[in-house]
Amino acid sequence: MTLKNQKKFAVLWLVIGIVMWVVFSAIGEESFQGGLLSGMGSAFIVVGAIRLVRVRRLEKNPEKAADYETALKDERVVYVANKARSMTFTVSVYAQLAAGLIAIFAFDQQLLGQALCFLTCFQCLLFTVLYRVYNKKY
């Protein structure tokens, strides 16, 4: 991801965080979810600010920015990142499925369990479709 895109995402994190913090802090004292979500908004603000500071520091030093851009395009870095994404997807699919089945059978939460199982099936279907699309020989 280029520095320009990282700057956009940092600003997006900040905006989402500020909106969440303002909206949910107004109802935060009355409900647990409001306080939780306003805290999450604060965390988004911090994440966006840290990312924005990092991008600004790289923009001020063109030599470091060039090294950073080169490192992002390195084959090994790309391979390791793709491997990590793949393993994260696999673990999250199995964790979602387990959570859905536990919600259904252990806690008798049919709707939650069905939603988690549906999400798992949707992710697997999407993976299969995208795998076939990207694996086509042109």
Side-chain angles (χ1 to χ4, degrees):
M1 183 181 297
T2 63
L3 287 176
K4 192 176 195 180
N5 287 341
Q6 286 188 13
K7 184 188 252 184
K8 288 178 187 176
F9 279 113
V11 170
L12 181 67
W13 280 106
L14 275 170
V15 169
I16 289 172
I18 290 169
V19 168
M20 282 180 70
W21 183 73
V22 168
V23 169
F24 293 113
S25 65
I27 62 171
E29 295 178 17
E30 300 165 6
S31 71
F32 173 73
Q33 285 96 5
L36 181 71
L37 292 173
S38 102
M40 186 184 265
S42 300
F44 284 164
I45 291 171
V46 171
V47 168
I50 290 172
R51 290 179 70 142
L52 196 58
V53 166
R54 189 183 76 190
V55 168
R56 299 247 181 194
R57 288 180 68 196
L58 284 172
E59 284 178 344
K60 286 183 181 179
N61 190 344
E63 189 175 298
K64 278 190 179 182
D67 289 344
Y68 180 76
E69 294 279 342
T70 304
L72 288 178
K73 294 175 185 171
D74 183 40
E75 285 183 31
R76 173 144 173 77
V77 172
V78 171
Y79 175 77
V80 170
N82 286 335
K83 255 330 221 186
R85 283 186 199 102
S86 175
M87 185 54 69
T88 302
F89 173 74
T90 302
V91 169
S92 69
V93 164
Y94 286 118
Q96 276 174 204
L97 184 59
L101 293 175
I102 289 171
I104 291 171
F105 295 118
F107 297 115
D108 199 30
Q109 296 286 325
Q110 298 293 323
L111 183 62
L112 176 64
Q114 288 173 353
L116 286 170
C117 289
F118 174 76
L119 180 63
T120 303
C121 290
F122 176 73
Q123 285 178 323
C124 291
L125 177 68
L126 185 62
F127 172 80
T128 303
V129 168
L130 290 175
Y131 181 82
R132 291 193 185 270
V133 167
Y134 289 133
N135 201 26
K136 277 186 178 177
K137 303 216 185 234
Y138 293 91

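Note that the structure is a prediction, hence the values are computed from the model and not measured.
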Verdict with supporting geometry, L12 and K8, side-chain contact (heavy atoms from CB on, under 4.5 Å): CA-CA 6 Å; L12 181 67; K8 288 178 187 176; over 6 Å; no
I need the minimum non-hydrogen distance between [X] and [Y], along with the two atoms involved.
X: R51; Y: A10; value: CB-CB, 3.8 Å
X: K7; Y: L52; value: CG-CD1, 4.0 Å
X: W13; Y: G48; value: CB-CA, 3.7 Å

ILVMFWY cluster, I18 and V15 together (side-chain gap under 4.5 Å): yes
Note, [X] side chain near [Y] side chain (heavy atom, < 4.5 Å):
X: R54; Y: I50; answer: no
X: L116; Y: L97; answer: no
X: M40; Y: F44; answer: yes

Steps toward side-chain contact (heavy atoms from CB on, under 4.5 Å) verdict (I104, Q109): CA-CA 5 Å; I104 291 171; Q109 296 286 325; over 6 Å; no
More than 12 heavy atoms from other groups under 6.0 Å of CG on L111: no
Atom CD of Q110: over 12 foreign heavy atoms under 6.0 Å: yes
Side chain to side chain contact (heavy atoms under 4.5 Å, CB included) partner of L14, the single match among I45, V46, V47: I45
Passing candidate, ring pair (Phe, Tyr, Trp, His ring centres under 6.0 Å) with F89, options Y131, Y94, F127: F127
Rounded distance [0.5 Å steps], CZ in F118 versus OG1 in T120: 10.5 Å
Straight-line distance of L112 CG to I102 CD1, nearest 0.5 Å: 11.0 Å
Any donor-acceptor pair under 3.5 Å from S86 side chain to N82 backbone: no
